[in-house]
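Right, one structure below, let's go through it.
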2 protein chains.
Amino acid sequence: MADSRSSRSEGLGASSPAPAVTRAAAVLEALAESPSGRLTLSDLSRELGIPKSSTSNLLLALEEARLITRQGADFALGRKLVELGAAYLSRLDEVQEFYKYCEQAPTLSGETVRIAMLDGDHVIYLARYEGHPAVRLTSNIGDKMPVSLCSVGKALLAQLHDHDIDSMFPDGMELPTMTANSLKTAEELKAEISTIRQQGYAFEDEESTVGVVCLAVPVPTHGAHGPSLGLSVTALKATYSEEQGALMVKELKELARSLGNPMG
Amino acid sequence: MADSRSSRSEGLGASSPAPAVTRAAAVLEALAESPSGRLTLSDLSRELGIPKSSTSNLLLALEEARLITRQGADFALGRKLVELGAAYLSRLDEVQEFYKYCEQAPTLSGETVRIAMLDGDHVIYLARYEGHPAVRLTSNIGDKMPVSLCSVGKALLAQLHDHDIDSMFPDGMELPTMTANSLKTAEELKAEISTIRQQGYAFEDEESTVGVVCLAVPVPTHGAHGPSLGLSVTALKATYSEEQGALMVKELKELARSLGNPMG
DNA sequence: GAGTAGTGTTCAGCAGATTGAACACCCGAA
DNA sequence: TTCGGGTGTTCAATCTGCTGAACACTACTC
């Protein structure tokens, strides 16, 4: 990837109120995005454009905080991040309620349900309820997915204003694809979004995984702040029927309404 | 290494190679440990002994990196931490292998099994396999537990050198308790540890939750680096039998051996 | 109203973190 | 052996991020 993200391309000229912190965050991100999850001091220094000596200082401080670990010559993410991530999730009441609802819902309790959050042009899965052992998801909690490739992503996009969508996906932009059914262009995505707005839920037909369909609804954002959440059910296309889909959408919407209501 | 817990106290007098980073990490930790998960700039400034203006800079940088979020006047942990935590877990091959093994193990496949990691005087749960819907655990992935209160914790302690245990739990120290059966003193814990060393596994009899028993084994640490991992099975005391326990310990040990072997 | 206690923000000056070249080290090739 | 390419570490000079008092603001109380 190298140049793709670069929050501050090259010398991070744009002033940060605490440059060391911004750089430390960049180090964590670089480690998270690295395929092997392990990088040497020199790798990081080169990739992020930070002098080696400074990088060394950052790494020492991060290591002391256990945000990263040293493994021989390599550095990798540290276990403290698991703690912090869990602390974040434990504060999301929505996740707790999500589990409770799924367990007692007539249709959903037997399905594979997930709750996800919008994060830029990706979606992060926050929790997963597995009522249907036949559908084994390869995705784990915390995993990221491009918005255009999953039903939750599209459902969450549909909630945004058009100008936000346009700035994220300017006309003519090509989208990442995973199957033959994946949406390929920004135009296709926008057409899909208007359909979603009309029918009130998103449908995904083998767009990320062959043989698998998904249904998703957004959780109405409560108040001003707080991230946008979405819910999805995953099913095998072979056994999926429209009536079943209707039932699932109904329950998803009910759960979404209850999550969106601050009074639980 | 020097003194590990110097970051606390007050003005973090010990010099860090990148003070801003060390302080930023302290901010994250403070937010994670705060009961409500939300603190104001002034709260943080006061609690960590950092001048308000500096704290403000740190918070701005952390917010830009999405490691924290602003919610009105309060600050809370940010969603990027979920991503980073997930990235850490996805790199732990042990977790993937753990799931695979549990699914096909004759006895364990029907039980609730967890894999955990030693982190100071606590244990962090990394993953959970749920083969037994009757046992609903309240703990989530990433949650922390005092070592003395769970079987995995004790199993992992038993692997440490005596002098390390002594420095963590000096004689006379009182331990946190959750039920009437919880170990209460450092002496009790050390006696338990020698039992564990003899029999090769740890047993927990309603020490953290009434009605629940646990069995745990450590994963032999492969090579020098890498964290200490442990495995545990949770069962209802009402339905637990010694023969079943023997079977589960056998499979746990087999899984532990395979995880400890770098060749998978 | 004025008063009080809390919030977060500003800015000039100085303490100090950042820097890059030089250093020490390890490994494999010639 | 000596070389070359790779690693991470050191340190004094410099430039910059940190500081603290003063500020602006809101929300209460009286």
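The chains referred to below are lettered A, B, ... by the order of the sequence lines, with proteins before strands, and numbering in each begins at 1.
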Against the side chain of A/Ser42, the closest entry in C/dG8, C/dA17, D/dT7 is D/dT7

B/Lys154: side-chain hydrogen bond (donor to acceptor under 3.5 Å, both in side chains) partners, not counting sequence neighbours: B/Glu192, B/Glu207

If the condition is side-chain hydrogen bond (donor to acceptor under 3.5 Å, both in side chains), which residues does A/Arg66 pass it with, not counting sequence neighbours? B/Asp119

Could you check A/Ile115 against A/Leu255 for side-chain contact (heavy atoms from CB on, under 4.5 Å), going step by step and ending with a plain yes or no? CA-CA 11 Å; A/Ile115 180 167; A/Leu255 173 54; over 6 Å; no

Can you name the atoms? Protein N/O to nucleotides 12-14 of chain C N/O, anything below 3.5 Å, with the distance.
none

When you measure from the side chain of B/Ser228 to the backbone of B/Leu118, do you find a donor-acceptor pair of N or O atoms at a distance under 3.5 Å? no

Quick check on B/Met178: does its CE atom have over 12 non-hydrogen neighbours (other residues, nucleotides or ligands) under 6.0 Å away? no

Who passes side-chain hydrogen bond (donor to acceptor under 3.5 Å, both in side chains) against B/Asp166, sequence neighbours left out? B/Lys190

For the backbone of A/Ala32 and the side chain of B/Arg91, can you confirm whether one donor and one acceptor N or O come within less than 3.5 Å of each other? yes

For B/His163, which residues count as a side-chain contact (heavy atoms from CB on, under 4.5 Å) partner, sequence neighbours excluded? B/His161

Would you mind telling me which of C/dT7, D/dC18, C/dT18 lies closest to the side-chain atoms of A/Ala18? D/dC18

Grab the N/O contacts between the protein and nucleotides 9-12 of chain D below 3.5 Å, and write none if there aren't any.
{"unit_1": "D/dT9", "atom_1": "OP1", "unit_2": "A/Arg70", "atom_2": "NH2", "d": "3.0"}
{"unit_1": "D/dT9", "atom_1": "OP2", "unit_2": "A/Ser56", "atom_2": "OG", "d": "3.2"}

